[in-house]
Amino acid sequence: MRGPLMLAFLALAVPAQAQSMRGVPLADEGWWVVLGSFGNNGGSGSRAVDAAVARTRRQAQSCGESPFNDVSDKFSGFAPGFDVSVLGAYPTRARAEAALSRVSACVTGAYIRRSRYAGE
C-alpha cells in the first residue's frame, strides 16, 4: 500500500515542479522574445520597474506564458541599463516567432532578438 501511495504522490508532484520551471530561461543562447524593457537607472529594484515587470508577467501569463526577467547587461547585444522580461531562448527563429504569435495578443510591442545570456 505504501509503494502505490508514494508513486501517486510523485506523479502529482512532478508536473507542479515542471510548471514552476517555465520562469527560467530555456537556454543561454538563441532567439529571445522580448516582452518589455524598463529603464532601471543603473540599479534594479525601483518600485516603477518592479510594477512594470509584474504587469508584463501578468499579461504574458494571461496568454499561458511565464517570462524570465533580469538586467539587460547580462544579454549580449542588449542595451545596458534596463530590466528586461523575456521568453526563451529558443533554438530557432521559427520557434521564437511561434512564441511571439502566442503572446502578442496579451503583450503589445513584443519583438524577437538573438542573444546570449551570461547568467549570474
Side-chain angles (χ1 to χ4, degrees):
M1 179 70 171
R2 205 174 205 188
L5 185 58
M6 182 58 93
L7 287 175
F9 174 77
L10 289 174
L12 291 173
V14 170
Q17 290 173 344
Q19 180 71 15
S20 68
M21 293 300 290
R22 291 182 66 197
V24 300
L26 299 173
D28 291 338
E29 185 171 1
W31 295 91
W32 299 86
V33 178
V34 181
L35 304 174
S37 56
F38 315 101
N40 62 21
N41 296 322
S44 212
S46 79
R47 291 181 87 140
V49 170
D50 289 348
V53 167
R55 181 179 61 252
T56 301
R57 177 173 295 282
R58 284 191 308 273
Q59 291 169 338
Q61 287 173 333
S62 70
C63 276
E65 299 292 340
S66 186
F68 168 72
N69 66 286
D70 207 338
V71 293
S72 60
D73 306 63
K74 294 182 181 181
F75 292 84
S76 65
F78 282 26
F82 294 87
D83 276 22
V84 292
S85 292
V86 296
L87 300 174
Y90 298 96
T92 65
R93 184 176 180 94
R95 297 224 6 227
E97 286 173 349
L100 177 63
S101 178
R102 287 191 306 272
V103 78
S104 63
C106 301
V107 182
T108 58
Y111 60 93
I112 296 172
R113 173 165 259 173
R114 185 163 176 74
S115 182
R116 178 172 180 76
Y117 175 65
E120 298 303 317

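In this chain, residues are counted from 1 in sequence order. A quick note: this is a predicted structure, and the numbers were derived from the prediction, not measured.
Among residues at least two apart or in separate chains, salt bridge (Lys or Arg N to Asp or Glu O under 4.0 Å) pairs with a member in residues 104-118 are Glu29-Arg116. Sorted by first and then second residue, the pairs that involve residues 51-120 and meet disulfide (SG to SG under 2.5 Å), not counting sequence neighbours, are Cys63-Cys106.
When all heavy atoms of Asp73 and Gly81 are compared, the pair lying nearest together is OD1-N, 3.3 Å. The two atoms that bring Phe38 and Ser85 nearest to each other are CE1-OG, 4.0 Å, heavy atoms only. Gly39 and Val49 get closest at one heavy-atom pair: O-CG2, 3.1 Å.
For Tyr90, there are no side-chain hydrogen bond (donor to acceptor under 3.5 Å, both in side chains) partners two or more places apart in sequence or in a different chain. With sequence neighbours left out, the side-chain contact (heavy atoms from CB on, under 4.5 Å) criterion links Thr108 to no other residue. Applying the side-chain contact (heavy atoms from CB on, under 4.5 Å) test to Ser115 and every residue at least two apart in sequence or in another chain returns Trp32, Phe75, Ser76, Phe78. Contacts of Ala60 classified as side-chain contact (heavy atoms from CB on, under 4.5 Å), with partners at least two apart in sequence or in another chain: Leu35, Glu65, Pro67, Val103, Val107.
Residues Val86 and Tyr117 are not in side-chain contact: their nearest non-hydrogen atoms beyond the backbone lie 4.5 Å or more apart.
Ser101 places no side-chain N or O within donor-acceptor distance of the main-chain N or O of Glu97, the cut-off being under 3.5 Å. Looking at Ser72, its side chain never comes within 3.5 Å of a backbone N or O of Val84 through a donor-acceptor pair.
Once rounded to the nearest 0.5 Å, the distance linking CG of Leu87 with CG of Leu100 reads 9.0 Å.
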